[in-house]
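By convention in this document, chain letters (A, B, ...) are assigned in the order of the sequence lines, proteins followed by strands, and residues within each chain are numbered from 1. Below, all heavy atoms of this structure are taken into account, side chains as well, without hydrogens, waters or symmetry copies.
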Number of protein chains: 2
Amino acid sequence: MQLEKSFGETIRDLRIENHLTLREVAEHLKIDTSMLGKIEKNNRNPSKQFIKDISNLFSIDEDLLTVAHLSDTVAYSILEEELATEVLKVAEEKINYYNKNKANK
Amino acid sequence: MQLEKSFGETIRDLRIENHLTLREVAEHLKIDTSMLGKIEKNNRNPSKQFIKDISNLFSIDEDLLTVAHLSDTVAYSILEEELATEVLKVAEEKINYYNKNKANK
DNA sequence: CTACTTTTGGACTGAAGTTGTCCAAAATAT
DNA sequence: ATATTTTGGACAACTTCAGTCCAAAAGTAG
């Protein structure tokens, strides 16, 4: 798994590897070229539909891109905090606690 | 550390332990009573200033409440995702990567 | 150099979300 | 029954975000 690569970098690299331009990919996905450019530069968020479509286009696992995107969002939201690592640890405990309780509803 | 307690529950419990009403605490913090009630119910976000002030009021570590709040936000944002745990793992790697690179700027 | 294509980013609009405030109903306590 | 506390709806002001359009900048090729 490509650890440090952002969602935008990931899909840009995929596009380059496939020798496509922004315009071409945007046309396939039926979105604005400028929009795609911004997503690649992490200046706009990809929608769920976008992730689904582009995964499909490049035949790559949708979960992989979903994780790339959501982890970007989470990381970015606490990047400047000294307590970031602690925050993640506690967040994980809360999620586990939530899922545990959801199980025996 | 109180794992599963949300930020709101945490400060509500602190208030009850200290035998104070919403109105009283709100007055100390110079905020609207209704606002405080909503924060305790996790229906509104605490501001940084709010966290600072209420930590001060109850003489508890500000970092503890900050972590409680931020972990709530992070957990809530990915709670419904199957991939939540994976997301947190990758987010942590991204944060470490970011901090590593910040070190040797 | 010129013509063409791609990439980048500013500007804008409407939609969606957030904050803080006020008020009144509901719940609780005296 | 009266007081107080708690809850939550409604609202305006404000911020944020998505998506679109356009033009300048950067890159490519003749």
Side-chain angles (χ1 to χ4, degrees), chain A residues 5-58 65-66 68-81, chain B residues 5-58 65-66 68-81:
Chain A
K5 243 197 238 177
S6 71
F7 178 82
E9 284 175 284
T10 305
I11 63 168
R12 167 149 299 191
D13 290 353
L14 282 167
R15 178 172 63 79
I16 304 296
E17 282 166 25
N18 284 272
H19 308 291
L20 296 169
T21 66
L22 283 171
R23 191 185 52 74
E24 289 167 326
V25 171
E27 197 165 318
H28 270 95
L29 305 184
K30 296 192 181 71
I31 65 167
D32 188 81
T33 303
S34 178
M35 189 72 197
L36 178 59
K38 281 163 189 163
I39 295 174
E40 286 192 354
K41 287 191 142 5
N42 303 305
N43 291 329
R44 281 290 191 286
N45 285 323
S47 65
K48 293 249 179 195
Q49 189 59 47
F50 175 87
I51 293 177
K52 189 184 289 278
D53 291 348
I54 203 161
S55 304
N56 203 18
L57 179 61
F58 293 127
L65 286 188
T66 300
H69 165 52
L70 292 177
S71 62
D72 270 7
T73 305
V74 168
Y76 182 75
S77 73
I78 58 175
L79 213 49
E80 302 298 337
E81 301 285 339
Chain B
K5 242 197 234 177
S6 70
F7 179 83
E9 286 175 283
T10 306
I11 64 168
R12 167 149 300 193
D13 289 354
L14 282 168
R15 179 173 63 81
I16 304 297
E17 283 165 25
N18 284 273
H19 308 291
L20 296 170
T21 65
L22 284 172
R23 192 185 51 74
E24 288 167 325
V25 171
E27 195 165 320
H28 270 95
L29 305 184
K30 295 192 181 71
I31 66 169
D32 189 82
T33 303
S34 177
M35 188 73 197
L36 178 60
K38 282 164 190 162
I39 295 174
E40 286 191 352
K41 287 191 137 15
N42 302 305
N43 291 330
R44 282 289 193 287
N45 286 322
S47 66
K48 294 248 179 195
Q49 189 59 48
F50 175 87
I51 293 177
K52 189 185 290 277
D53 290 348
I54 202 161
S55 304
N56 201 17
L57 180 60
F58 292 128
L65 286 188
T66 300
H69 166 52
L70 292 177
S71 62
D72 271 6
T73 306
V74 167
Y76 182 75
S77 73
I78 58 174
L79 212 51
E80 301 299 335
E81 302 285 339

Which residues satisfy the ring pair (Phe, Tyr, Trp, His ring centres under 6.0 Å) test with A:Phe7, sequence neighbours excluded? A:His69
Restricting to salt bridge (charged side-chain N to carboxylate O under 4.0 Å, His left out), what partner residues turn up for B:Lys48, sequence neighbours left out? A:Glu81
B:Glu9: partners by salt bridge (charged side-chain N to carboxylate O under 4.0 Å, His left out), with sequence neighbours left out: none
All side chain to side chain contact (heavy atoms under 4.5 Å, CB included) counterparts of A:Gln49, not counting sequence neighbours: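 By the side chain to side chain contact (heavy atoms under 4.5 Å, CB included) rule, A:Gln49 matches A:Ser47, A:Lys52, A:Asp53.
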Please identify each residue that fulfils side chain to side chain contact (heavy atoms under 4.5 Å, CB included) with B:Phe58, with sequence neighbours left out. B:Leu14, B:Arg15, B:Asn18, B:Leu20, B:Val25, B:Ile54, B:Ile60
What are the two closest heavy atoms between B:Pro46 and B:Ile51, and how far apart are they?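 So the two residues come closest at CB-CG1, 4.0 Å.
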Could you work out how much the helix from C:dC1-D:dG30 to C:dA27-D:dT4 bends, comparing the axis of its first five pairs with that of its last five, to 10°? 30°
Which nucleotide of DNA chain C is the first, and which the last, in the 5' to 3' direction, to come under 4.0 Å of a heavy atom belonging to chain A?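 Using the under 4.0 Å cut-off, the span is C:dT6 to C:dA11.
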Just jot down the side-chain hydrogen bond (donor to acceptor under 3.5 Å, both in side chains) partners of A:Thr21, sequence neighbours excluded, or say none.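 If we apply the side-chain hydrogen bond (donor to acceptor under 3.5 Å, both in side chains) test to A:Thr21, skipping adjacent residues, the hits are A:Glu24.
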Under the rule for side-chain hydrogen bond (donor to acceptor under 3.5 Å, both in side chains), what residues qualify as partners of B:Glu17, not counting sequence neighbours?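 Per chain and number, B:Glu17 pairs via side-chain hydrogen bond (donor to acceptor under 3.5 Å, both in side chains) with no residue.
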By a strict heavy-atom criterion of less than 4.0 Å, which residues belonging to residues 13-31 of chain B are in contact with DNA chain D? B:Arg15, B:Thr21, B:Leu22, B:Arg23
Between the CD1 atom in B:Ile11 and the CG atom in B:Asn42, the distance rounded to the nearest 0.5 Å is 8.0 Å
Would you say the side-chain atoms of A:Asp72 pair up with the backbone N or O of A:Ser6, donor to acceptor, closer than 3.5 Å?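 Pair absent, no side-chain N/O of A:Asp72 close to backbone of A:Ser6.
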For residues 31-38 of chain A, dump all side-chain donor-acceptor pairs below 3.5 Å to protein atoms at least two apart in sequence or in another chain.
from	atom 1	to	atom 2	distance (Å)
A:Asp32	OD2	A:Ser34	N	2.9
A:Asp32	OD2	A:Met35	N	3.3
A:Ser34	OG	A:Lys38	NZ	3.4

Go along nucleotides 9-19 of chain D 5' to 3' and tag each nucleotide: B for a protein heavy atom under 4.0 Å from its base, S when only backbone or sugar atoms are that close, - otherwise. BB-------BB
In the structure I gave you, are the side-chain heavy atoms of A:Leu22 and A:Arg12 within less than 4.5 Å of one another anywhere?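 Yes, side chains in contact.
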Please give, in whole Å, the distance from D:dT5 C1' to B:Glu40 CD? 12 Å
